[in-house]
Amino acid sequence: MRKMASSLLSELTRILLCAFVLSVHSPFEKKVHVHGAQITVPVGYLSPSANCTASTTNVNSTLELVHKYGARSQLFDSGPINHTRVLLEDMARVKWIQSKISNSISGTSDLEESALNLTASFGPDRSGYVVTIGLGTPTKNLTLLFDTGSALTWTQCEPCIVSCYSQAEPIFDPSQSSSYANISCSAPSCINLPSGTDQQPGCSDSTCVYTVSYGDLSSSSGFFATETLTLTPTDVITNFEFGCGEDNEGTFNGSAGLLGLARDPVSFLEQSASQYGQYFSYCLPPLSSCTGYLTFGRGMDTSPSLNFTPMLTVGQNSLFYGINITGISVAGNPLSIPSTVFSNSGTILDSGTTLTYLPPLDTCYDFSGVSTITVPVITFSFSGPINVDLDASGMFYWVNASQVCLAFVPNIADTNVSFYGNIQQRTFEVVYDVPGGQIGFGAQGCS
Ligand SMILES: *[C@@H]1O[C@H](CO)[C@@H](O)[C@H](O)[C@H]1NC(C)=O
Ligand SMILES: *[C@@H]1O[C@H](CO)[C@@H](O)[C@H](O)[C@H]1NC(C)=O
Ligand SMILES: *[C@@H]1O[C@H](CO)[C@@H](O)[C@H](O)[C@H]1NC(C)=O
Ligand SMILES: *[C@@H]1O[C@H](CO)[C@@H](O)[C@H](O)[C@H]1NC(C)=O
Ligand SMILES: *[C@@H]1O[C@H](CO)[C@@H](O)[C@H](O)[C@H]1NC(C)=O
Ligand SMILES: *[C@@H]1O[C@H](CO)[C@@H](O)[C@H](O)[C@H]1NC(C)=O
Ligand SMILES: *[C@@H]1O[C@H](CO)[C@@H](O)[C@H](O)[C@H]1NC(C)=O
Ligand SMILES: *[C@@H]1O[C@H](CO)[C@@H](O)[C@H](O)[C@H]1NC(C)=O
Ligand SMILES: *[C@@H]1O[C@H](CO)[C@@H](O)[C@H](O)[C@H]1NC(C)=O
Ligand SMILES: *[C@@H]1O[C@H](CO)[C@@H](O)[C@H](O)[C@H]1NC(C)=O
């Protein structure tokens, strides 16, 4: 355990303790300019404390999406971001998903245990993006982490028989809703739960009891039930199957639970298939103070230019969304990474992982006293073939002005599954076209 912890910490140190000099520009340029293989942006564009000027319009089947730690998310105002914690949790998630893929049996591998221990000892909290949905009749607003890496949607429920963590909104009380119904143990959806939760359901007074756990000692358990789920006044899903959690532990502090969007029958994706055809897209905003969106159904695309790459399955686990990275270029020059490094292990596109886990590119920059910066364009190539030029906001992890790091972390080994994290996805409309078997990336999805 210690060994794993220290190797994670040394990875962290490698990300955090580095210094480099970049070309800097006069303070007169205000707008983002892309010329050739370089991109110039005001430093403020990268800073999480910058004020957001963009706005999003509310349309049907579209939810506002905010970063949990962003200024727009008053629910979760818990002081300064603890970057060490964010990164440790990120690595715990990566190790958990990697271990689920390499041995698709439930239970604990060595790695999983060390990840569990790690995060537990580093206290509860979780990075990521949240959306607000309505549940029940009358409807109650609940702010959920949206997660393409898990399938079951759940929220904390009264009575919290074993344990509930503190959440910003009142905890959902099924006894106050006329549309709540338990699911029986013999219902097919109960019997089929393990494909989405990796765990056998229990049975209490003939009511189905779910348990779902994540790689970091966090878990939720309670009654598997149906409810009316309201996305917007015109988007209502009746008999939506979800977990009404009366024992909730771990790192979800603040949010009311999870909205699961992975590929499984219990996922919101498949339960809303008749309305939205298993097609959704999101845009993660460049600044954590801005609002992005999560939208369901075709025809809502906002990006002027969508390019598609095949949607793959990585390893044995078809829950996760796989893509095939075929190369990375910096300023138009391909890095000398054999494409087999990615294709042998596969890459997961994940909304809940912050950084991108790849062969090493870990470097930090000192931007203090600098008003604009010019950086080389980083291009990811995917099967298709398509090229995705990262937005400047998608390259860096901002600790403070004197420590701005490239948002890439080396995997422990080439054989480990790679991750395309949520920082890299910023400003892109990312389309999940499940029936079409493709993932789309469109520049200028949001700002
Ligand atoms: C953001 O806006 C607030 C309130 O208007 C202001 O106090 C703050 O200085 C602004 N921050 C930046 C980075 O411009
Ligand atoms: C939203 O849905 C309602 C009812 O289906 C429809 O009348 C309205 O035109 C839709 N608005 C948009 C912007 O699609
Ligand atoms: C990562 O790769 C190393 C070396 O092959 C292996 O020992 C380890 O189990 C892998 N990690 C996971 C989570 O699969
Ligand atoms: C957690 O770590 C401690 C010591 O660091 C170890 O004794 C314990 O077995 C670990 N627990 C799990 C579940 O791995
Ligand atoms: C930040 O998180 C790390 C790991 O969870 C913890 O050890 C440290 O005390 C935290 N720092 C602050 C200032 O809370
Ligand atoms: C619920 O959320 C919607 C959309 O964010 C908002 O318009 C509405 O005012 C909220 N209702 C309550 C009771 O907070
Ligand atoms: C759901 O099942 C639990 C356990 O059997 C029971 O306590 C509760 O009253 C049931 N709720 C409804 C609405 O049937
Ligand atoms: C949990 O959330 C509550 C309120 O949302 C907040 O007061 C508390 O500091 C949070 N705890 C942690 C460990 O983040
Ligand atoms: C991924 O891309 C590589 C390089 O183009 C190709 O050889 C491989 O067949 C692709 N893998 C999949 C699963 O599409
Ligand atoms: C920036 O963050 C690093 C790492 O936490 C810290 O050592 C440094 O003092 C910070 N610099 C400023 C100017 O806050």
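Sequence positions, counted from 1, serve as the residue numbers for this chain. Quick note: numbers below take in every heavy atom, side chains included, and nothing from hydrogens, waters or symmetry partners. One-based numbering, in listed order, for ligands and for the atoms of each.
F382 has its ring centre less than 6.0 Å from the ring centre of F441. The ring of F296 has its center closer than 6.0 angstrom to the ring center of F268.
Ring orientation note: the planes of F242 and F172 are nearly perpendicular, at an angle over 60° on the 30°/60° scale.
Residue contact check: N141 has heavy atoms under 4.0 Å from atoms 1 (C), 2 (O), 3 (C), 8 (C), 10 (C), 11 (N), 12 (C), 14 (O) of ligand 6. Proximity to Y180 (heavy-atom distance under 4.0 Å) selects the following atoms of ligand 7: 13 (C).
Between the side chains of N422 and Y420, not a single donor N or O lies within less than 3.5 Å of an accepting N or O. Between the side chains of D235 and T232, at least one donor-acceptor pair of N or O atoms lies under 3.5 Å. Using modelled atom types, one finds no donor on one side chain facing an acceptor on the other under 3.5 Å when comparing S175 with E158.
The residue from T309, L312, N324 that puts a heavy atom closest to atom 11 (N) of ligand 9 is N324. Counting heavy atoms only, N182 comes closest to atom 6 (C) of ligand 7 of the residues I183, D205, N182, V209.
Heavy atoms of S383 found under 4.0 angstrom from ligand 9 belong exclusively to the side chain.
SG distance check for C185 and C203: under 2.5 Å.
For atom 9 (O) of ligand 9, the nearest protein heavy atom lies 4.0 Å away or farther. Closer than 4.0 Å to atom 14 (O) of ligand 7 lies at least one heavy atom of the protein. Atom 2 (O) of ligand 9 is flagged as protein-proximal [any protein heavy atom, distance under 4.0 Å].
Ranking protein heavy atoms by distance to atom 5 (O) of ligand 9, first place goes to T326 CG2, 3.6 Å. Scanning the protein heavy atoms around atom 4 (C) of ligand 7, the nearest turns out to be F223 CZ, 3.3 Å.
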